[in-house]
Every structure is written in structure tokens, then in C-alpha cells.
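Below, each value reflects all heavy atoms present in this structure, side chains not excepted, and no hydrogens, waters or symmetry copies. Each chain gets a letter, A, B and so on, in the order its sequence line appears, and its residues count up from 1.
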Number of protein chains: 2
Amino acid sequence: MDDERTDVDVDETDLALLRRVERDDDVNLTELAAELDLSKSAVHYRLNKLKDAGVITAVSADVDPLALGLTTLVITEVSVVHESGYADEIGTELTEIDGTVQVYYTMGDVDFVVLSRVQNREQLNALIDEIVSIDGVNETSSTFVMKELKTGGETVAAMSDEMIANLIEE
Amino acid sequence: MDDERTDVDVDETDLALLRRVERDDDVNLTELAAELDLSKSAVHYRLNKLKDAGVITAVSADVDPLALGLTTLVITEVSVVHESGYADEIGTELTEIDGTVQVYYTMGDVDFVVLSRVQNREQLNALIDEIVSIDGVNETSSTFVMKELKTGGETVAAMSDEMIANLIEE
DNA sequence: AATGAAATCGACCAGCA
DNA sequence: TGCTGGTCGATTTCATT
């Protein structure tokens, strides 16, 4: 029993709807209604509610990086000189480097984890050069991704029964 | 000059369209057409083309993890005993653990990088226990994410001019 | 949360550059 | 090959219960 305060309240139907549209929202209300055993109006009502509540933050097209030649995904750990209080600024600069797709500020001896997509090794070298040239960056360590086994597109689908239960009973 | 063979050919207009819909596809054709200075038919035509070509793999709703109480994001490095050729199987098992949202198979001394979302520390402990109990897993190292600075939703927007140029000139 | 009607939209086509 | 413009059926939307 830890985190009790949840901003929004969703029920099992909402979660089923979310699971469906986070996978594929390129459907009309009639189809959604049939799949979820709801009326079209009910689906419409719930989708609006979920968007208003901020549970659904956007409806977006998923672009295949490979189709654009972005065949290389790299994970880079970035450490900064720990005297500098410029972590915020460094983080912002990391997000602005072309090719970076995910940037996380982390606890521990590594300060940032950066995921980047590039088309070839030259672009990778250029990208890492850009990172190390940021003022305050101390050390970097990069690893190639050989296979993307799960890509993070689906949030609700990744939740356990316990996580679901914590949401429902509130 | 490295990777020359790209499966699909897209032009600047396609990329502008992709940039728009990967950010927000919750708009009608009329609005898209106005923003891109195209006719509705042209937008319709290009969107279909991009979906057929596999550049757009899906249109999906983005769910805010925080709205569902998933306040904790953790990055875990997983090493396997290197005698075992069960890397594929271990990878699959990692993707199936509740809470894991991204799983990458990597080169180097770390074999997998796993990103997980949980609601509290107990769930995190349970998750890590599940990982280490996988047959063949040797060692894990986890790091809390304190701030998500860039979350990887947009692929085209992250591309440099050079990457774009490599795509256009083919 | 359901109904039904009005407004709007997306799909499609024949023709064109 | 990519686009235009217009039509029609389908869809979203909304007031009402």
C-alpha cells in the first residue's frame, strides 16, 4: 500500500478501451463499439472523457524508423562533472541534439541515459561528438541495440493485474 | 556515404505530413490540408501511400503513464551467463514480464536493457525478482529515472537535416 | 448512457498535369 | 505518378430523454 492518490478514476471498460486504442486507433466508432460491446455513444463519451482527463494525451501516427533508414539504435550513458549544477541545462541540450529520441535524467553514477537513432556509423560518431562537447559532460558509454524486442508503444497492455487492481479500487 | 538502399521514397511533403501526424493525428483532412497547403485529396492520397508503404505502422492513442499511477520508470541492465545460447528465449521472457515497456538486446557486456513502469517500490522489487529468476540471467543493475526529458514519441522530428537529405536524394 | 437527427467527414472516382 | 474537385455514403456530434 503505497501510492494511493490517483488523479483520475477509470474502470475496467475504460482500460479495455485504452488497451484497444493505444494499439490501434485507426478505427471508427462502430467497430470500437462492436468490439467492446458498447454503444457508439458510450464509446464516444468515454473517449472524450479520457482525453479531457489527460489519460489519452494524443492520438498520433507511429512512424517506422527503419522505413526512413534509421537502422541504428544506440543507448548512451552520460555522466556529468558532479560539481556543476548545470544538469538541467545539459539535459535540455541532449534533447536538442539531432538523432536523440529518448532522454532520461537518472539517479546514480550515470546522470543521463540517451537513446538515439541514426542512419550510419558516421552519424553516430557525429552524435557522440556532440554529446561529449556539451559543457559539463564528463564521460559517455554507448551500446548498440541489436534487436528491439519491445518498443514501449503500449502502456496499459504492460500493466499487471495488481496495477490494474490498484487503479480500480480507489 | 553508407546506407544507400532505402525501401521507400518520401519527399519533403511526406516528411512534413509525417511530422504533423506523428505529433497529433487527431485532426480531420480539412485541417491537415490547410496546414500543409494541399488539397484534402492529396493529403488522403499521401497518407494512404505512407500506410501502404509501412512508413506509418499504426495510428495509436498515447496513454499517460502517470495518469494510471505508473509514477516510477526504471532502467535495468541485464547480463546473462554467456555460455547459454538462450538469449532469444530470455529476451522473450523479459518482454512478457508485467511492467516492462521496452526491451532491447544489446552488444557488449550488458546483454539486455529493460525499461519498466511500476506504481510503487514493492512492484519494482517484484519486477526485479522476476527478472533475476529467469533461467540464464546472471546479473542486473537498475537505475531510477528522475525525469523524462524526451520520450521518443516522434521519429521524424528527431532527424537531422543530413538524415533528411539522405532520404530525399535517392 | 442511449436515441435519433443534423452536420460533417472521409472515401472514391473520372479526368488532368 | 501525383493531384483536382466534386459527389455520396458513412460518420461524428449533440441535444434530449
- Does anything in residues 112-152 of chain B pair up under ring pair (Phe, Tyr, Trp, His ring centres under 6.0 Å), and if so which pairs, sequence neighbours excluded? B:Y105-B:F112
- Polar side chain donor-acceptor pair, A:Q102 to B:E148, under 3.5 angstrom: no
- Take A:D11 and A:R46 through the test salt bridge (charged side-chain N to carboxylate O under 4.0 Å, His left out) and record every step on the way to the result. CA-CA 10 Å; A:D11 59 18; A:R46 283 174 183 270; 3.0 Å; yes
Using a cutoff of under 3.5 Å, can you pull out all pairs of nitrogen or oxygen atoms linking the protein to nucleotides 11-15 of chain D, with atom names and distances?
| residue | atom | partner | partner atom | Å |
| --- | --- | --- | --- | --- |
| D:dT11 | OP1 | A:N28 | ND2 | 3.0 |
| D:dT12 | OP1 | A:L29 | N | 3.0 |
| D:dT12 | OP2 | A:L29 | N | 3.3 |
| D:dT13 | OP2 | A:H44 | NE2 | 2.7 |

- Message: So, does B:S39 get its side chain near the phosphate of D:dT4, meaning an N or O under 4.0 Å from OP1 or OP2?
- Response: yes
- Between the side chain of A:T100 and the main-chain N/O of A:E96, is any donor-acceptor distance below 3.5 Å? no
- Applying salt bridge (charged side-chain N to carboxylate O under 4.0 Å, His left out), run through A:D14 and A:R19 and close with a yes or a no. CA-CA 9 Å; A:D14 287 322; A:R19 249 185 299 258; over 6 Å; no
- Does the pair A:K51/B:D26 count as a salt bridge with the N-to-O cut at 4.0 Å? yes
- Between which nucleotides of DNA chain C, read 5' to 3', does contact with chain A run, using atoms under 4.0 Å from its heavy atoms? C:dA1 to C:dT3
- So what is the end-to-end bend of the helix from C:dA1-D:dT17 to C:dA17-D:dT1, with 5 pairs used at each end and the value given to 10 degrees? 40°
- Query: Which residue pairs pass the ring pair (Phe, Tyr, Trp, His ring centres under 6.0 Å) test when at least one of the two sits in residues 24-46 of chain A, sequence neighbours left out?
  - Reply: none
- Residue pair B:T57 / A:D62, side-chain donor-acceptor N/O under 3.5 Å: no
- Message: If you define the side chain from C-beta out and look only at heavy atoms, does anything of A:T72 sit under 4.5 Å from A:N120?
- Response: no
- Touch class at under 4.0 angstrom, heavy-atom based, for B:Y45 against every strand present: base
- Query: Which residue pairs pass the side-chain hydrogen bond (donor to acceptor under 3.5 Å, both in side chains) test with at least one member in residues 138-147 of chain B, sequence neighbours excluded?
  - Reply: B:T76-B:S142
